[in-house]
Trainee: 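For reference, the structure I am asking about is given below.
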Amino acid sequence: MMKSWRVLSLLILAGFWVQSPMSNPTTMAASAQNSAATPEDSPAQNSAPASSSATGHEAASAPSTERLQGPVQPVPFSHKQHAGTLKMPCEYCHTPSRSGETLTIPRATFCMQCHQTIATDNPGVQKLAAFAKSDATIPWVRIYELPSFVSFSHKVHLQHGATCQECHGQVAERVQVYKETDISMAGCVNCHRAKLASTDCTTCHMLEQ
Ligand code: HEC
Ligand code: HEC
Ligand code: HEC
Ligand code: HEC
Ligand code: HEC
């Protein structure tokens, strides 16, 4: 049910992307990418990464109803809230890089399109605002990360119909993302066998002869 998301996007985003229809994720992703690619007209201060001392404790903003797994992030970000309750599509925030191999993680200024006005008294949102103000990259702790000697492309897998959930689990239900699926060599190879994709070493590794 996309309704709450639509209503939300109309209310909140209409002012930012007036020209683009909000009715489908692809359009939104494209808009998002544009806005990410064009540095906003924020004063380009080359200041040190924003200090997160603006606000207090992480614990205060983490809901206590679920035992959290995974690393504590510089800004407490809940997929359950944004992708679950608010039904924001994954691709809205995780637009593909130019090659499509990797997916991007949004910048603070992207989040501020909503949080300029939403939940501004929340300690997590205040941390976010501090990053956005200094145009600092939020140092997200990475969850899924392969060693550099392994080739992997999101584009190829998504084109073959793989879903985010197959490789990352029920992210939209997670207050905090953690590594809940197996992206070891065995995990990759198991699916390659099942889908009759190549399991040659050179599919995933560039080997010198
Ligand atoms: C076939 C398995 C697979 C599928 C399908 C998949 N991912 Fe990934 N994802 C990975 C792996 C493996 C990594 C680590 C890649 C690396 O470190 O090079 C990753 C990394 C990421 C990252 C970190 C940035 C990056 O690209 O390294 C994000 C964000 C992400 N995935 C989101 C998604 C979303 C959203 C979807 C669905 C649209 C999705 N993934 C589908 C396996 C998958
Ligand atoms: C489309 C609008 C929208 C975007 C974009 C958005 N958020 Fe939110 N966010 C919300 C809404 C709505 C809430 C719920 C506010 C409430 O409960 O009062 C929320 C809540 C939050 C909270 C407070 C959670 C709590 O403890 O209640 C944090 C922190 C937050 N968002 C961080 C982020 C970050 C980081 C990004 C960017 C990666 C982001 N948001 C992008 C709409 C948005
Ligand atoms: C409002 C923006 C937003 C939406 C919508 C969103 N994400 Fe994310 N995602 C983030 C942010 C910010 C991070 C980095 C913080 C973290 O790991 O929680 C992230 C991290 C991730 C990661 C971990 C990447 C890594 O390797 O470090 C995965 C996997 C992921 N998201 C998948 C998804 C999937 C699947 C969906 C849809 C069900 C989705 N995301 C929807 C903003 C979003
Ligand atoms: C959900 C099942 C699934 C998982 C999990 C999976 N793959 Fe794949 N992979 C596929 C399919 C299907 C193809 C397409 C094979 C084809 O081209 O016929 C593919 C293709 C590839 C290719 C070839 C890309 C190209 O250019 O043709 C590489 C490299 C690859 N996968 C690496 C990985 C790695 C590394 C992992 C683990 C991190 C992984 N895959 C996990 C299903 C999967
Ligand atoms: C479908 C993708 C895929 C295929 C096919 C594959 N590998 Fe890997 N391989 C990986 C991934 C992913 C890792 C990283 C595992 C990790 O980080 O735990 C890895 C790690 C390794 C390592 C490092 C040792 C280790 O345990 O970390 C070696 C050596 C290796 N592979 C050799 C091979 C050989 C030899 C073949 C052919 C028989 C092969 N791989 C086929 C995906 C693949």
Side-chain angles (χ1 to χ4, degrees), residues 2 5 9 22 24-37 68-111 113-114 128 131 136-209:
M2 295 291 287
W5 160 247
S9 60
M22 300 291 176
N24 75 64
T26 321
T27 323
M28 288 193 296
S31 321
Q33 198 169 25
N34 290 343
S35 74
L68 297 182
Q69 288 174 267
V72 173
Q73 294 287 0
V75 174
F77 175 78
S78 168
H79 279 81
K80 187 175 184 178
Q81 177 136 55
H82 294 84
T85 309
L86 299 171
K87 304 205 187 302
M88 295 172 64
C90 312
E91 296 82 354
Y92 174 63
C93 289
H94 298 297
T95 54
S97 62
R98 212 168 278 275
S99 68
E101 303 228 326
T102 57
L103 299 175
T104 59
I105 294 178
R107 295 150 49 98
T109 47
F110 176 92
C111 313
Q113 294 175 358
C114 287
L128 173 68
F131 280 111
T137 306
I138 303 177
W140 300 114
V141 181
R142 290 290 313 276
I143 315 287
Y144 292 89
E145 197 166 27
L146 292 171
S148 58
F149 58 85
V150 181
S151 319
F152 178 81
S153 162
H154 273 98
K155 191 177 178 183
V156 168
H157 289 90
L158 296 172
Q159 276 170 351
H160 279 83
T163 63
C164 313
Q165 288 70 21
E166 274 179 279
C167 295
H168 298 301
Q170 298 302 322
V171 176
E173 290 166 21
R174 302 289 174 250
V175 170
Q176 206 164 285
V177 182
Y178 61 94
K179 199 165 166 185
E180 57 185 284
T181 57
D182 183 8
I183 61 157
S184 70
M185 180 160 141
C188 310
V189 167
N190 282 343
C191 186
H192 277 218
R193 285 218 183 87
K195 307 258 169 156
L196 307 177
S198 168
T199 54
D200 291 350
C201 314
T202 53
T203 305
C204 301
H205 304 294
M206 306 249 239
L207 301 176
E208 295 293 324
Q209 287 296 49

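Each ligand, and each atom within it, is numbered from 1 in the order the structure gives. From a predicted model like this one, the values you see are computed outputs, not experimental measurements.
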Trainee: Please check whether Thr104 reaches ligand 1 - meaning an N/O of the residue sits under 3.5 Å from an N/O of the ligand, judged on distance alone.
Mentor: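 There is no such contact.
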Trainee: Looking only at protein heavy atoms, identify the closest one to atom 13 (C) of ligand 4 and say how far it is in Å.
Mentor: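 I find the closest protein heavy atom is Ala197 CB, 3.8 Å.
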Trainee: Are any of the N or O atoms of His205 closer than 3.5 Å to those of ligand 5?
Mentor: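 Yes; the residue has a nitrogen or oxygen that sits under 3.5 Å from a nitrogen or oxygen of the ligand.
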Trainee: Given that the side chain starts at C-beta and the backbone is N, CA, C, O, which of these parts of Leu146 lies under 4.0 Å from ligand 5, counting heavy atoms, or is it both or neither?
Mentor: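 Side chain only.
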Trainee: Which of the numbered atoms in ligand 4 are below 4.0 angstrom from a heavy atom of Val150?
Mentor: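 The list of qualifying atoms is 35 (C).
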Trainee: Of the side chain and backbone of Met185, name the one, both, or neither that has a heavy atom under 4.0 Å from an atom of ligand 5.
Mentor: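 Near ligand 5, Met185 shows its backbone as well as its side chain.
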Trainee: I need the contact type for Cys90 against ligand 1. Using non-hydrogen atoms and a strict under-4.0 Å cut-off, is it side chain, backbone, both or neither?
Mentor: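 Side chain only.
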Trainee: Short N/O distance, under 3.5 Å, between Arg142 and ligand 1?
Mentor: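 N/O-N/O distance under 3.5 Å: yes.
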Trainee: Heavy-atom contact check, 4.0 Å cutoff: does Phe152 meet ligand 5?
Mentor: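 Judged by the 4.0 Å heavy-atom criterion, Phe152 does not count as contacting ligand 5.
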Trainee: What atoms of ligand 1 come within less than 4.0 Å of a heavy atom belonging to Glu91?
Mentor: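 Taking each heavy atom of Glu91 in turn, ligand 1 has 38 (C) under 4.0 Å.
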Trainee: To the nearest 0.1 Å, how far is atom 29 (C) of ligand 1 from its closest protein heavy atom, and which atom is that?
Mentor: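 The protein heavy atom lying closest is His94 ND1, 3.3 Å.
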Trainee: Going by the atom numbers of ligand 1, which of them fall below 4.0 Å from some non-hydrogen atom of Glu145?
Mentor: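 Checking each atom against Glu145, I get 17 (O).
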Trainee: What atoms in ligand 1 come closer than 4.0 Å to a heavy atom of Thr163?
Mentor: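 It comes down to these atoms of ligand 1: 5 (C).
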Trainee: Where is the nearest protein heavy atom to atom 36 (C) of ligand 1: which residue, which atom, and how far?
Mentor: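 For atom 36 (C) of ligand 1, the nearest protein heavy atom is Cys164 SG, 2.8 Å.
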Trainee: Of the protein's non-hydrogen atoms, which lies at the shortest distance from atom 5 (C) of ligand 4, and what is that distance?
Mentor: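 Nearest neighbour among protein heavy atoms for atom 5 (C) of ligand 4, to 0.1 Å: Cys191 CB, 3.4 Å.
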Trainee: Only heavy atoms of Leu103, strictly under 4.0 Å: list the atoms of ligand 1 that pass.
Mentor: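 Going through ligand 1 atom by atom, the ones under 4.0 Å from Leu103 are 24 (C), 25 (C), 26 (O), 30 (C), 32 (C), 33 (C), 34 (C), 35 (C), 36 (C), 40 (N).
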Trainee: Compute the shortest N/O to N/O distance between Ser184 and ligand 4 and return yes if it is under 3.5 Å, no if not.
Mentor: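 No - when backbone and side-chain N and O of Ser184 are compared with those of ligand 4, no distance drops under 3.5 Å.
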Trainee: For Ser151, take its heavy atoms, then give the atoms of ligand 4 lying under 4.0 Å from any of them.
Mentor: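 Reading through ligand 4 atom by atom, the close ones are 29 (C), 32 (C), 35 (C).
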Trainee: Just to be sure I read this right, does ligand 5 sit under 4.0 Å from the backbone of Thr203, its side chain, both, or neither, counting only heavy atoms?
Mentor: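 The answer is neither.
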Trainee: Got the closest protein heavy atom to atom 10 (C) of ligand 4, with its distance?
Mentor: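 Protein heavy atom with the smallest distance to atom 10 (C) of ligand 4: His157 CD2, 3.4 Å.
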Trainee: Should you measure from each heavy atom of Ala162, which atoms of ligand 1 turn up under 4.0 Å away?
Mentor: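 Counting from 1, the qualifying ligand atoms are 5 (C).
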Trainee: Is the shortest distance from a heavy atom of Asp200 to ligand 5 less than 4.0 Å?
Mentor: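 It does; at least one heavy atom falls under 4.0 Å.
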Trainee: What residue and atom, counting heavy atoms only, is the protein's closest point to atom 20 (C) of ligand 1, and at what distance?
Mentor: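 Atom 20 (C) of ligand 1 sits closest to the protein heavy atom His154 CE1, 3.4 Å.
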Trainee: Below 3.5 Å, N or O to N or O, backbone or side chain included: is there any such pair between Glu166 and ligand 4?
Mentor: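 In this structure, Glu166 places no N or O atom under 3.5 Å from an N or O of ligand 4.
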Trainee: Is atom 8 (Fe) of ligand 4 less than 2.8 Å from at least one N/O/S atom of Cys188?
Mentor: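 Of the N, O and S atoms in Cys188, none lies under 2.8 Å from atom 8 (Fe) of ligand 4, which means no.
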Trainee: Which is it for Glu101 and ligand 1 at heavy atoms under 4.0 Å: side chain, backbone, both or neither?
Mentor: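 Neither part.
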